[in-house]
Amino acid sequence: MSPRKIRQALAALVLLVVCASAQTASAPQKSVDQRVDELLSKMTLEEKIGQLNQINQGMPTGTVVNGNPVTLNVEQAVTEGRIGSMLNVTGAADTNRLQKIAIEKSRLHIPLLFGFDVIHGYRTVFPIPLAIASSWDPESAKLSAQVAAREATAAGIRWTFAPMVDIARDPRWGRIAEGAGEDPFLGAAIARAYVQGFQGELNSPDHMAACAKHYVAYGAAEAGRDYNSVDLSERRLRETYLPPFEAAEDAGVATFMSSFNTIDGIPASANPFTLRKVLKGEWGFKGFVVSDWNSVGELIPHGVAADGADAARLALNAGVDMDMCSGDYIRYVAGLVKAGTIPESVVDDAARRILRVKFELGLFDHPYTDEKREANDTLTSTNMEAARDIAEKSIVLLKNDKDTLPLSKSVRSIAVIGPLADSQIDMLGNWIGKGEAKDAVTILEGIKAEAPEAKLIVSKGVGVLDPSEEGIAEAVNAARQADVAVLVLGEKGEMTGEAASRAKLGLPGKQEKLLRAVMATGKPLVLVLMNGRPLTLEWEARHVPAIVEAWFPGVQGGNAVARILFGDVNPSAKLPVTFPRSIGQIPLYYNALSTGRPFTDPKAKYESRYLDSPNTPEFPFGYGLSYTKFAYSNLQLSTARLGNTGVIKVTAEVENTGNRAGDEIVQFYTRDLVASVSRPVKELKGFQRVSLRPGEKKTVEFTINRKQVAFWNADMKYAAEPGKFEVWVGPSSMEGLEGSFVLVE
Ligand code: GLC
């Protein structure tokens, strides 16, 4: 019996005991399911379907009068029970106003569920999720979600369309910014943490339902082009793309969102295998699935539905419980049920799932938001401190030749150059919720605060995308006058996220030309990158002495970057995603299969390699530097043979051999050398942050058991197989101390 099943059985047993004792003590407390069933039994078919309908403010009804599209009369639709949820309604006053209509005017007083994209903060905008994943710190992810939930619920939001847990291995895809990168183990740990942070105790008013999205494999879009087709084996689906979703489900996520893409020709928003067999069947998911925006309606352009009614039939029968904004459920499902093409039991199940979440949120008992909370809970100093602290943990030091960094605070003059050095809006990145540019501290402002005595010479140089090179001369001149140049270059926040795929991954516009011109001055130079995806940095990596990956670091990002540049904070972050040398290498990820001709000999021709590029990345998964140095030694395994029930303890010593305190994120990888299917050359199985003072040494311990080396075998069964395994403990996916063990029958 799986751990989840055991937990469910135990929960049922506890409930039985509690109910039994409640019977004796006082009037029976109705369970959520009892309350749901009681309500459902009173509902008409139309009212049930109303719960399946989510709309956006200002939705067109699809009808046109005198050439003008008629927008939905929301108040009337709510009164008639034709709306179960709304998105993009924010502010306690607005949500309370609509909620009051639902509670007081609808026949059954069913509360509305207000949803919003609270992806990395509501008003206090945190670093983008790919940055938070760079911290390899689930507690940071959880904290950011807790703060976001407190602020969003104060504005009447009780459901966020997050976490986005799509594994992404293609940096051309703009939405790589929204997730936790390329690895299922790290992705699962981060997914779990976000769900815990957003949901907490679901019925507490400062928590909200989370939504694992985009289910599933949306990040595998061909050519990295958003919304494009996905073709992968069931094994790849189960080994790589499903684990973070399974982790979210295991953590109790209340909802899932089905994605836009097809999988093997079947749209994810009409896919009985992923939705019914895996999610609701194998995993026993009891929450509900919402479609992505109009992904029900998009079954028509996908070419699997002839019209809206067909789309509604396919999606609802496949397991999409709520329709986000296509209107096809509210328009067609009643007729489809009466025609017998959708069993009413399917509608009942979908409505039951949605009502269950509303009961679990406490919306029936406490449907309104305390309107005093918004002023008190938003943009507080505590929230800002959390945003800065998490940003500091998310910034990756990629290069630091000749100890260019940290900068001295007594530096006389600094040239701060680049289009992103003082751009408040771009500190926030994409999906910024209700974040406002005015709240953001830019890197220029952060540097001013960190080095108030230094003379700052500021020059934008070029735009992010602007083809003009006019400003380069001014920027070069600024660098010439200064002791050091800090260039802040990269992407605009709007160049990442949804519908933001890029076919080229270099610094956009004329930024590289600016960088080369300033480099030519010979001044000490630091490159700070602000971007939402891995970039191709071949020239930069070879010529720029210091490179800091700041991603889009959020409202406190300027302070965080500056504190790292001046050494108040020692960077500790590690890449959650591979930086390729060139687009030609994509997809490039660390946990790849060996192939029959693994690249071993630069002189050999007939190996899996390129004529014009190494196979290795520019910067590998798990890579990140510190201002100090760490040495690994003395890898030990408690035994070389692992049995059915045994556990192997793997230990190694990590020493701070530098002259300042620092954190190291120690990583633990394994490799299954021989199995019934080809297995990745490395798989992350553990990671730990260790804090070390100069000269201090600590022993770090990982454990490995049979379950941790299970995989989907040749018979598509999830099981471990006997044989030899290699293990590594080290600072990245490309280096570490090596050992081995044997898993016996
Ligand atoms: C968008 C996105 C999804 C978001 C939803 C609601 O199209 O794909 O991530 O949650 O619509 O805004």
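For ligands, and for the atoms within them, numbers begin at 1 and follow the listed sequence.
- Of all atoms in ligand 1, listed by their number and element, those nearer than 4.0 Å to a heavy atom of K213 are 3 (C), 4 (C), 9 (O), 10 (O).
- No side-chain donor-acceptor contact under 3.5 Å links T496 and E491.
- With no hydrogens or angles considered, a side-chain donor-acceptor pair links T153 and R373 at under 3.5 Å.
- The closest side-chain donor-acceptor pair between E371 and N96 falls under 3.5 angstrom.
- Residue F260 has at least one heavy-atom neighbour below 4.0 Å for each of these atoms of ligand 1: 7 (O), 8 (O).
- Distance from atom 2 (C) of ligand 1 to its nearest protein heavy atom, with residue and atom name: E498 OE1, 3.2 Å.
- Of all atoms in ligand 1, numbered sequentially from 1 with element shown, those under 4.0 Å from a heavy atom of F161 are 10 (O).
- Under 4.0 Å from ligand 1, the heavy atoms of R175 that appear belong solely to its side chain.
- With no hydrogens or angles considered, a side-chain donor-acceptor pair links N531 and E549 at under 3.5 Å.
- For M257, the heavy-atom gap to ligand 1 drops under 4.0 angstrom.
- Listed by number with element, the atoms of ligand 1 under 4.0 angstrom from any heavy atom of W293 are 7 (O), 11 (O).
- Judged by distance alone, the side chains of T124 and E151 do bring a donor and an acceptor atom under 3.5 Å apart.
- Checked by atom type and distance alone, the side chain of S501 pairs as donor or acceptor with a backbone atom of G224 at under 3.5 Å.
- For atom 4 (C) of ligand 1, the closest non-hydrogen atom of the protein is D117 OD1, 3.2 Å.
- For ligand 1, the atoms closer than 4.0 angstrom to any heavy atom of H214 are 3 (C), 8 (O), 9 (O).
- Heavy-atom proximity to atom 11 (O) of ligand 1, evaluated over N88, D226, D292, N56, is greatest for D292.
- Under the 3.5 Å distance criterion, with hydrogens and angles disregarded, a donor-acceptor pair is assigned to the side chains of T255 and W159.
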